[in-house]
*Asks:* 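Handing you this structure, nothing more for now.
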Amino acid sequence: MGVILGIAVLGFLILVHELGHFLAARLQGIHANRFSIGFGPALFTYKSATTEYALRALPLGGYVGFPDEDPDCPYPADDPNLLKNRPILDRAIVMVAGVVANLIFTYVPLLLLILLSGVPEPLPGAKITSISEKSPAATAGIEAGDVVRKVNAEVLGLPPAGAERFQQMIKAAPGQPLALEIERAGQTSTVTVTPSAEGRIGVSLTPNSYQRAPKDLLEPLTIAGQRFWFIASETVANFGQLFTGKVGLDQFSSPVGIVNYTAKVADADILNVFTVMALISFSLAFINILPIPGLDGSHLAFLALEGLRGKPISQVIQMRVLQTGLVFLMGLSVVLILKDSITLIMP
């Protein structure tokens with residue numbers, strides 16, 4: 001069930017992104033003749049008078065197609081409603097609309113989570129949300145939902161300090177047994193866990209808290225906004241570490257890894273899926289705005305150059321850049337899929 005939910009979440013966010021492009025074009029009267037979720041062979045197609053809608057086999061993204069790109073375009077070359085004939089601003093709105101849609105759907109699930117579960121009030125300790133199979137934590141009998149109250153008799157404080165102190169103590173004790181006082185379903189017990197040589201026990205944490213009703217309508221809006229900016233700053237910082245070489249590509253996931261992680265989170269607490277949805281949505285927005293060939297950012301870069309030059313970049317150059325980018329992105333996707341698939345088979 002968790003895997004199906006993970007696929008649904010990823011597919012929905014891709015749909016949101018492509019729908020942003022599609023609606024931005026249609027609302028401006030620009031012709032758009034293809035709307036596809038996924039790549040490769042079509043699993044399902046529907047043709048309206050003006051547009052072909054398709055669900056395809058490879059859930060690695062999606063696209064909105066424009067008749068400008070077709071050699072047998074049914075519209076005259078000077079049709080003002082062809083994308084290529086529109087002013088730069090109109091085209092830029094279409095290109096950036098997918099990113100805007102994902103930014104909106106970063107905030108929406110965060111707000112829904114607060115409205116459904118309540119406003120969190122912090123409690124001491126660190127709450128465990130998920131556990132890796134065959135990890136030191138799993139071997140010790142720790143379960144998702146457990147709250148770590150003490151480590152070697154040291155009381156963990158309120159979040160985020162409590163969780164941060166827990167992580168510090170784990171990292172500082174590779175290969176050394178630690179006594180954890182754990183609360184589970186109102187009962188307290190002590191377990192011994194031995195961190196790996198890398199100083200890890202294989203758990204994901206969330207702030208420990210209880211939920212209360214919002215004081216007013218403004219409180220959920222404010223808290224959701226704070227969480228939005230936290231996700232934004234952390235995502236940008238993580239990508240910054242990638243570009244500076246502080247972290248490697250092994251820290252990033254393919255759709256296989258995303259679905260697997262979402263499934264684990266859903267199995268622990270279904271409401272946590274809203275947070276995962278927000279994380280994925282912002283990541284999609286951020287990645288797509290980068291000027292990487294084949295992504296929305298590269299199209300915006302070409303439009304910026306066109307504005308500076310006063311004329312478009314050669315279609316031949318644009319196609320070569322696009323094709324190079326697509327080859328790179330597909331190759332990277334294959335590598336990440338293989339990595340995540342191997343991890344699933346041999347965790």
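Every value quoted in this text rests on a predicted model; they were computed, and no experiment measured them.
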*Asks:* S36 and R56: which non-hydrogen atoms are nearest, and at how many Å?
*Replies:*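 Heavy atoms of S36 and R56 come nearest at OG-NE, 3.0 Å.
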*Asks:* Can you get from L110 to V108 by hopping between Ile, Leu, Val, Met, Phe, Trp and Tyr side chains that sit under 4.5 Å apart?
*Replies:*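 In one cluster: yes.
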*Asks:* Are V276 and I114 joined in one hydrophobic group, where the rule is that I, L, V, M, F, W and Y side chains link up if heavy atoms are under 4.5 Å apart?
*Replies:*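 V276 does not cluster with I114.
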*Asks:* Between N208 and K127, is there a donor-acceptor pair closer than 3.5 Å when you use the side chain of the first and the backbone of the second?
*Replies:*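 Looks like no, no N/O pair under 3.5 Å.
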*Asks:* With the threshold set at 4.0 Å, does a side-chain nitrogen-carboxylate oxygen contact exist between R149 and E183?
*Replies:*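 Salt bridge between R149 and E183, a charged N being under 4.0 Å from a carboxylate O: yes.
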*Asks:* Using the rule that two of Ile, Leu, Val, Met, Phe, Trp, Tyr join whenever any of their side-chain heavy atoms come within less than 4.5 Å, decide whether F230 and L113 are in one cluster.
*Replies:*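 Hydrophobic grouping puts F230 apart from L113.
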*Asks:* Which atom names give the shortest non-hydrogen contact between T45 and A54, and what distance separates them?
*Replies:*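 Residues T45 and A54, closest heavy atoms: CG2-CB, 3.9 Å.
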*Asks:* Answer with yes or no whether the hydrophobic clustering places Y210 together with V119; edges join I, L, V, M, F, W, Y residues whose side-chain heavy atoms lie under 4.5 Å apart.
*Replies:*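 Y210 does not cluster with V119.
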*Asks:* Please answer: with hydrophobic residues joined when any side-chain heavy atoms are less than 4.5 Å apart, are Y107 and I287 in the same cluster?
*Replies:*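 Hydrophobic grouping puts Y107 with I287.
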*Asks:* Hydrogens and angles aside, do H31 and N81 bring a side-chain donor and acceptor to less than 3.5 Å of each other?
*Replies:*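 The criterion, which ignores hydrogens and geometry beyond distance, is not satisfied for N81 and H31.
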*Asks:* Answer with yes or no whether the side chains of R200 and S132 bring together a donor and an acceptor at under 3.5 Å.
*Replies:*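 Not at all, the side chains of S132 and R200 share no donor-acceptor pair under 3.5 Å.
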*Asks:* Going by an N to O cut-off under 4.0 Å, is there a salt bridge joining D70 and R34?
*Replies:*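 Salt bridge present between D70 and R34.
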*Asks:* Please report the interatomic distance CD1(I289) to CG(L284), rounded to the nearest 0.5 Å.
*Replies:*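 Taking CD1 in I289 and CG in L284, the distance rounds to 12.5 Å.
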*Asks:* Taking everything shown except E121 itself, do over 12 heavy atoms lie less than 6.0 Å from its CD?
*Replies:*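 Correct, the count exceeds 12.
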*Asks:* Between F39 and Y63, how do the two ring planes meet: parallel, tilted or perpendicular, split at 30° and 60°?
*Replies:*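 Ring orientation of F39 relative to Y63: parallel.
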*Asks:* For the backbone of A32 and the side chain of T51, can you confirm whether one donor and one acceptor N or O come within less than 3.5 Å of each other?
*Replies:*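 Between the backbone of A32 and the side chain of T51 there is a qualifying donor-acceptor contact (under 3.5 Å).
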